[in-house]
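Reading through the structure tokens given below for one structure.
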Amino acid sequence: MTRGRIAVLGAGKMGGALIAGLLRSGHTADDLLATTQEPERAEELRSRHGVEVVSNLEAARAAATVVLAVKPQDMGTLLEEVGTALAPGALVVSVAAGLPTSWLEGRLPAGTPVVRVMPNTPVLVDEGMSAVSAGSHATSEHLAYVEELLAPVGRVLRVPEYQLDAVTALSGSGPAYFFYMCEAMIEAGLLLGLPRSVAHELVVQTAVGSARMLREAGESPVALREAVTSPAGTTIAAIRELENHRVRAALLSALEAARDRSKELAAGTA
Ligand SMILES: NC(=O)C1=CN([C@@H]2O[C@H](COP(=O)(O)OP(=O)(O)OC[C@H]3O[C@@H](n4cnc5c(N)ncnc54)[C@H](O)[C@@H]3O)[C@@H](O)[C@H]2O)C=CC1
Ligand SMILES: O=C(O)[C@@H]1CCC=N1
């Protein structure tokens, strides 16, 4: 399905990653428009991607699909500015954490189709995980169109909207947890006397290999971990320390906190 121009309002880290992905998947710079409040970012979007950077109003008027990629805290101001300028029939796609489609619909002209997406930064390497939910005026064609836009940059899952706060905690924020763990493992490598470059390479390749096994081996993480854990060996000595330090419980609490923060953003208490 082709729908005309796509405008990304707030083309920062996530919006910029989506623009780069759309260009890799065959959209031309002429198909796209971007907005940002940062002059250096605007220059980067022009020079690196050849994308036209315009005002929010110009972008909203010209686009058939308007992607909202500002921070949740900036969304109210943005919608006050562009809400009434949208082209008739325009589809609105929000990637903002927390904000429900009903919240967005309440600030847009009656009947505006809205699709909410929770992507993650691995869209930059075409390994993103995006979950999508339709607002009350979005049709299955709108959802299919958004899925088609996102498919080249990773996997896409349709979920009921009530699950999106949990999705945000798991896969939206998820890359940060993996990077955090890699950071800590590299530091541990230094503690054990390895040069930083060696520790970095060992950790990165171990992360990539483990991720591929998770996807390709068709086995549960438990089975894969058990296969590494020899009786009275090194791995079990490390696992005991992880359990002593309640790392599993910390992860459960961390993801609950992320889910709760997503709900708070929705309540506008940010
Ligand atoms: N960074 C991530 O990993 C993910 C972010 N998101 C969502 O994406 C959205 C953006 O997050 P980031 O890209 O990390 O933030 P960011 O700060 O990198 O990007 C936001 C951009 O919006 C621009 N902006 C702010 N107000 C504006 C306005 N009124 N008009 C035009 N541009 C405006 C800023 O100049 C900036 O370029 C958030 O709503 C976040 O919840 C969703 C999934 C993952
Ligand atoms: O930290 C955040 O709020 C955003 C949403 C998901 C990932 N980053």
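Note that ligands are numbered from 1 as they come in the structure, with each ligand's atoms numbered from 1 the same way. It should be emphasised that the depicted structure is a prediction, and the values quoted were computed from it without experimental measurement.
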Sub-3.5 Å N/O-N/O distance, Thr36 and ligand 1: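 Among all N and O atoms of Thr36, at least one is under 3.5 Å from an N or O of ligand 1.
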
Cationic N near anionic O, under 4.0 Å, [X] to [Y]:
X: Arg107; Y: Glu80; value: no
X: Glu52; Y: Arg5; value: yes
X: Arg240; Y: Glu243; value: no
X: Arg48; Y: Glu43; value: no

[atom] - nearest protein heavy atom and its distance:
atom: atom 23 (C) of ligand 1; answer: Gly10 CA, 3.7 Å
atom: atom 29 (N) of ligand 1; answer: Gln37 NE2, 3.6 Å
atom: atom 1 (O) of ligand 2; answer: Ser173 OG, 4.4 Å
atom: atom 19 (O) of ligand 1; answer: Gly12 CA, 3.3 Å
atom: atom 40 (C) of ligand 1; answer: Ala97 N, 4.1 Å
atom: atom 18 (O) of ligand 1; answer: Lys13 N, 2.9 Å

Who gets closest to [atom] by heavy atom: [options]?
atom: atom 39 (O) of ligand 1; options: Val95, Thr35, Val70, Thr121; result: Val70
atom: atom 34 (C) of ligand 1; options: Glu38, Met75, Gln73; result: Glu38
atom: atom 13 (O) of ligand 1; options: Arg41, Glu40, Glu80, Met14; result: Met14
atom: atom 15 (O) of ligand 1; options: Met118, Lys71, Glu81; result: Lys71

N/O donor-acceptor pair under 3.5 Å between Arg3 side chain and Ala64 backbone: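 Indeed, once roles are kept as given, a pair shorter than 3.5 Å links the two residues.
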
Main-chain N/O of Gly10 paired to Thr35 side chain as donor or acceptor, under 3.5 Å: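 Checked: pair present.
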
Any luck finding a side-chain donor-acceptor pair between [X] and [Y] under 3.5 Å?
X: Ser197; Y: His200; value: no
X: Glu58; Y: Ser55; value: yes
X: Glu105; Y: Thr112; value: no

Whether over 12 other heavy atoms sit under 6.0 Å from Arg196 CZ: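 At most 12 heavy atoms, drawn from other residues, nucleotides or ligands, come within 6.0 Å of this atom.
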
Glu81, CD: over 12 other non-hydrogen atoms inside 6.0 angstrom: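 Atom CD in Glu81 is crowded, with more than 12 foreign heavy atoms closer than 6.0 Å.
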
Using a 4.0 Å heavy-atom cut-off, say whether [X] meets ligand 1 through its side chain, its backbone, both or neither.
X: Asn56; result: side chain
X: Ser173; result: neither
X: Pro175; result: neither
X: Ala69; result: backbone

Atom indices of ligand 2 within 4.0 angstrom of Gly172 heavy atoms, with elements: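 The list of qualifying atoms is 6 (C), 7 (C).
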
Enumerated ligand 2 atoms positioned under 4.0 Å from heavy atoms of Ala97: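 Listed by number with element: 5 (C).
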
Sub-4.0 Å atoms of ligand 1 with respect to non-hydrogen atoms of Ala96: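 Contacts of ligand 1 toward Ala96, numbered from 1: 39 (O), 41 (O).
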
Under-4.0 Å protein heavy-atom contact, atom 4 (C) of ligand 2: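 Under 4.0 Å from atom 4 (C) of ligand 2, zero protein heavy atoms found.
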
Note, Val146 side chain near Leu91 side chain (heavy atom, < 4.5 Å):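 Heavy-atom side-chain distance check passes, below 4.5 Å.
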
